[in-house]
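Take a look at the structure set out below.
For the numbers below, each heavy atom of this structure counts, side chains included, while hydrogens, waters and symmetry mates do not. Letters A, B, ... are given to chains in the order of the sequence lines, protein chains preceding strands, and every chain is numbered from 1. These numbers come from a predicted model, not from an experiment.
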Amino acid sequence: MTQNIVQQKISMVFKSAIDKKSIFKNKRVLDISYIPDNILHRDSELYEISKILSVSLKNERPSNVFVYGPTGTGKTLVVDYVCNELLSVARENKLSVHYVYVNAKLKRIADTEYRLVSHIANELGEHIPFTGLPTDVVYSRFLNKVESLNGVLIIVIDEIDYLVNKIGDRFLYTLTRINQDLYNTKVSIIGISNNLNFTEYLDARVRSSLSEEEVVFSPYNAIQLRDILEDRSKKAFYEGVVENSVINKCAAIAAQENGDARKALDLLRVSAEIAERNNEYKVKEYHVDLAQKKIDYDRFIEVVKTLAQHQKLTLFAVLDLLLSKDVGFKVHTGDVYDKYVSLCNRIKKTPITQRRISDIINELDILGIINAKIKNLGRYGRTREVSLANSKDVYEKIYNLLKNDLYL
DNA sequence: AGTCCACAGGAAGGGCAGGCGA
DNA sequence: TCGCCTGCCCTTCCTGTGGACT
């Protein structure tokens with residue numbers, strides 16, 4: 001095909017994208033970050049959190065709140081909604097109430113104590129460099145900024161369990177004690193977590209002050225998910241685009257996966273995108289099946305792409321050992337390391353130590369890319385048994401992707 | 001009961017890069 | 001420009017683990 005014909009084809013694709021009628025009226029409604037006017041099936045949680053935070057309008061410190069529940073149960077949405085409502089009431093009445101949201105799982109935000117404090121301070125308008133200052137200087141600039149607010153500050157830390165895992169609970173201890181060092185500002189913390197048991201690992205003092213109040217979010221059932229999807233799809237699509245059976249199917253699949261509304265919305269959105277790409281004006285059940293496969297695969301590929309080179313080499317070594325074998329076959333850390341070293345030699349790269357590769361295998365397991373279980377083999381030592389966590393066809397695609405990427 | 005294996009994983013520290021303030 | 005600080009990735013050294021084997 002000549003270059004000219006390719007260009008013509010590309011221009012046709014873009015032109016038809018403009019001419020083609022979209023099935024979406026407002027796609028953003030299906031986005032997880034979208035805050036709807038009415039939050040369904042979370043009345044008691046909305047009320048409970050509002051009640052706790054309402055004292056800030058009298059310039060009193062609200063209790064710290066620990067919010068927990070499985071993924072996609074509306075925790076962040078509800079907290080964000082209540083805080084925004086609170087801010088607008090405070091603004092109307094010219095009260096000094098402030099709110100900072102931190103998602104600890106976002107890279108380069110809460111990886112270290114320094115980054116977390118500087119992030120919160122930056123959100124409050126105090127510019128602190130990305131790196132370079134001693135931590136105590138960052139703390140004191142943060143404290144000065146908080147003090148200058150002269151009111152109530154609510155700090156929401158989403159995925160707080162991840163934060164504690166990463167940097168320990170020292171920072172939480174400092175935060176929960178911060179009011180002792182402040183005269184003009186009262187600080188309240190809302191911690192959000194998927195992990196119900198994570199407070200067990202906290203220092204007892206941190207645990208008790210963080211959990212002054214607890215709000216539990218239970219999973220949505222299929223009927224509640226259907227209501228949510230129906231509500232959103234009315235706003236997201238033109239009439240008649242989505243069949244009822246599609247909504248029911250998305251709701252049923254998400255209900256099986258721990259009542260995750262995020263998953264349900266993703267499924268609906270991706271199903272519609274697939275239909276639209278195939279020039280179909282109606283979203284049907286088989287689009288949902290395709291969407292489910294696509295979501296799983298995309299998530300996997302995205303994670304693999306972000307890996308560092310030695311992580312990619314380790315993963316490649318695992319795949320090289322396992323793909324030719326039967327499903328369920330397992331290899332040990334030592335086998336993976338030997339393979340990894342031979343791959344390094346092939347591309348003339350200095351291998352890193354087995355100690356580090358052991359950590360990398362653990363990291364790949366945490367990311368859900370492979371399964372790695374510690375196994376005692378008696379006289380034959382203690383090692384990790386590494387196996388595949390997904391279907392072989394997905395790994396074959398990843399294998400080829402890595403092969404090109406690593407020039408193997 | 002004692003030994004052995006093949007690591008797991010904690011602790012300490014090195015080297016480098018990025019960024020800041022003086 | 002220089003000294004200082006932090007983050008990140010890695011190494012080295014070390015102790016711990018627990019079931020098979022002797």
### Query
Is the phosphate of B/dA6, meaning OP1 or OP2, less than 4.0 Å from a side-chain N or O of A/Thr383?
no

### Task
Answer yes or no: does a side-chain N or O of A/His310 lie under 4.0 Å from OP1 or OP2 of C/dC9?
no

### Message
Using whole Å, what does the distance between atom C1' of nucleotide C/dC13 and atom CZ of A/Arg355 come to?
### Response
11 Å

### Query
Would you find more than 12 non-hydrogen atoms of other residues, nucleotides or ligands less than 6.0 Å from A/Glu280 atom CD?
yes

### Message
Ring-plane angle category for A/Phe300 and A/Tyr395, please: parallel below 30°, perpendicular beyond 60°, tilted otherwise.
### Response
perpendicular

### Message
Does the Lys NZ or Arg CZ of A/Arg226 fall within the cation-pi geometry relative to A/Tyr220 - under 6.0 Å from the ring centre and within 45° of the axis?
### Response
no

### Separation of atom CD in A/Gln311 from atom C1' in C/dC10, rounded to whole Å
13 Å

### Message
Nearest to the A/Arg356 side chain among C/dG16, C/dC9, C/dC13, which nucleotide is it?
### Response
C/dC9

### Task
Rounded off to whole Å, could you give me the CG-to-P distance for the A/Asp359 and B/dC7 pair?
15 Å

### Query
Can you check whether A/Ser358 has a side-chain N or O nearer than 4.0 Å to OP1 or OP2 of B/dC7?
no

### Task
Return the value, rounded to whole Å, for the distance between atom CG of A/Leu116 and atom C1' of C/dT6.
15 Å

### Query
Counting side-chain heavy atoms from CB outward, which of B/dC7, C/dT11, C/dG19 is closest to A/Ile352?
C/dT11

### Message
By nearest atom, which of the nucleotides C/dT22, B/dG21, B/dA8 is closest to the A/Arg141 side chain?
### Response
B/dG21

### Message
With a 3.5 Å distance limit and no angle check, can you tell me whether A/Asn221 reaches the backbone of A/Ile223 through a side-chain donor-acceptor pair?
### Response
yes

### Message
If I take atom CD1 in residue A/Ile357 and atom P in nucleotide B/dA8, what distance separates them, rounded to the nearest angstrom?
### Response
11 Å

### Message
Students often mix this up, so state it plainly: with edges at 30° and 60°, are the rings of A/Phe142 and A/Tyr139 parallel, tilted or perpendicular?
### Response
perpendicular

### Query
Under 4.0 Å between a side-chain N or O of A/Tyr380 and OP1 or OP2 of C/dC21?
yes

### Task
To the nearest Å, give me how far apart CG (A/Asn362) and C1' (B/dG10) are.
13 Å

### Query
For C/dT12, does either OP1 or OP2 sit under 4.0 Å from a side-chain N or O belonging to A/Thr353?
no

### Query
Starting at CD1 of A/Ile360 and ending at P of C/dC8, how long is that distance when rounded to a whole Å?
15 Å

### Query
In whole angstrom, what separates A/Leu377's CG from C/dG18's P?
13 Å

